[in-house]
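Report on the structure given below.
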Amino acid sequence: MKIGIIGAGNIGGNLTRRLTALGHEVSVANSRGPQTLTALAEETGAKPVTASEAAKGAQVVVVTVPLKAVPDLPAGFLDGAAEGFAVIDTGNYYPQQRDGRIDAIEDGLPESRWTEQQIGHPVIKAFNGTYAQDILDGGRPQGTPDRQALPVAGDDPAAKQAVRDLIDELGFDTVDSGGLDESWRQQPGTPVYGNRGDVDAIVKALSEASPERTAEFRA
């Protein structure tokens with residue numbers, strides 16, 4: 001599969017490592033330019049590109065940048081992606097720690113719905129509560145007892161299934177956490193955020209979520 005990854009931090013870098021190892025053709029971009037990605041490219045075989053080029057021909061595009069940087073992504077950066085492509089949003093809103101105040105999210109708009117509005121394309125929310133190290137070494141074969149499960153939210157069934165299949169390939173079960181309007185159930189401060197549980201534990205954690213943001217994750 002052709003995959004574009006925009007953001008080469010902990011999550012983006014480790015997804016690049018795992019997905020190339022699985023044989024996918026990965027293009028990776030960051031905000032500082034492809035010349036800063038030489039080491040990652042040499043390590044993984046991924047192609048370093050600009051953010052405007054990362055989605056070209058991609059069947060899956062991963063947006064894994066700080067939320068405050070989403071509006072700064074290049075106009076038309078998704079142009080040229082493959083027909084029916086899926087966009088994975090791994091982002092989280094950290095108003096006190098990094099992003100500053102975003103009024104729409106403070107007023108209750110789910111974080112990934114805000115991201116979707118900024119980029120002009122539907123997104124599938126996944127990996128946002130996953131430890132980056134787990135992406136490297138937490139995967140297990142299908143059917144392994146207590147296999148770690150990740151929640152996945154989104155409105156497009158085909159795109160969601162493509163993302164769930166990719167996560168399964170990475171070695172994790174998935175739980176359909178509903179449409180994007182329900183994706184607050186996996187935002188920072190919820191029981192599922194950072195939860196390494198199996199399918200049953202993740203289902204339970206999602207059901208116990210409250211839409212009210214905790215103080216740590218409010219501006």
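Not measured: the values here are computed from a predicted model.
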With a 3.5 Å distance limit and no angle check, can you tell me whether [X] reaches the backbone of [Y] through a side-chain donor-acceptor pair?
{"X": "Asn30", "Y": "Ala8", "value": "no"}
{"X": "Glu208", "Y": "Pro191", "value": "no"}
{"X": "Ser27", "Y": "Gly4", "value": "no"}
{"X": "Arg17", "Y": "Gly13", "value": "yes"}
{"X": "Asp99", "Y": "Lys68", "value": "yes"}
{"X": "Asp198", "Y": "Arg147", "value": "no"}

Inset, instruction - Please go through Trp114's hydrophobic cluster and name the other residues, only I, L, V, M, F, W, Y counting, with side-chain heavy atoms under 4.5 Å joining them. - result: Ile6, Val61, Val63, Val65, Leu67, Val70, Leu73, Phe77, Leu78, Phe85, Val87, Tyr93, Ile102, Ile105, Leu109, Ile119, Val123, Leu180
Legend entry - Residues which pass side chain to side chain contact (heavy atoms under 4.5 Å, CB included) with Asp181, listed by chain and number, not counting sequence neighbours: Arg113
Inset, instruction - May I ask you to check whether over 12 heavy atoms, not counting those of Glu212, lie within 6.0 Å of atom CD? - result: no
For residues [X] and [Y]: do they belong to one hydrophobic cluster (side chain heavy atoms under 4.5 Å, members Ile, Leu, Val, Met, Phe, Trp, Tyr)?
{"X": "Val152", "Y": "Leu206", "answer": "no"}
{"X": "Met1", "Y": "Ile167", "answer": "yes"}
{"X": "Leu166", "Y": "Val175", "answer": "no"}
{"X": "Leu22", "Y": "Leu40", "answer": "yes"}
{"X": "Val192", "Y": "Phe217", "answer": "no"}

Inset, instruction - Using ring-ring contact (aromatic ring centres under 6.0 Å, His included) as the criterion, list what pairs up with Tyr193, not counting sequence neighbours. - result: none
Legend entry - Residue list, ring-ring contact (aromatic ring centres under 6.0 Å, His included) with His24, at least two apart or on another chain: none
Legend entry - Pairs meeting criterion salt bridge (Lys or Arg N to Asp or Glu O under 4.0 Å) with involvement of residues 23-36, two or more places apart: Lys2-Glu25
Legend entry - Set of salt bridge (Lys or Arg N to Asp or Glu O under 4.0 Å) partners for Arg140, sequence neighbours left out: none
Inset, instruction - Step by step, work out the side chain to side chain contact (heavy atoms under 4.5 Å, CB included) result for Asp89 and Glu116. - result: CA-CA 9 Å; Asp89 168 35; Glu116 182 179 82; over 6 Å; no
Inset, instruction - Take Arg185 and Ser177 through the side chain to side chain contact (heavy atoms under 4.5 Å, CB included) test and state the conclusion after the steps. - result: CA-CA 8 Å; Arg185 293 182 181 275; Ser177 55; 5.7 Å; no
Inset, instruction - Run the numbers on Phe127 and Thr64 for side chain to side chain contact (heavy atoms under 4.5 Å, CB included), then give the verdict. - result: CA-CA 9 Å; Phe127 298 110; Thr64 180; over 6 Å; no
Inset, instruction - Would you check if there is a donor-acceptor pair between the side chains of Thr50 and Glu53 at a distance under 3.5 Å? - result: yes
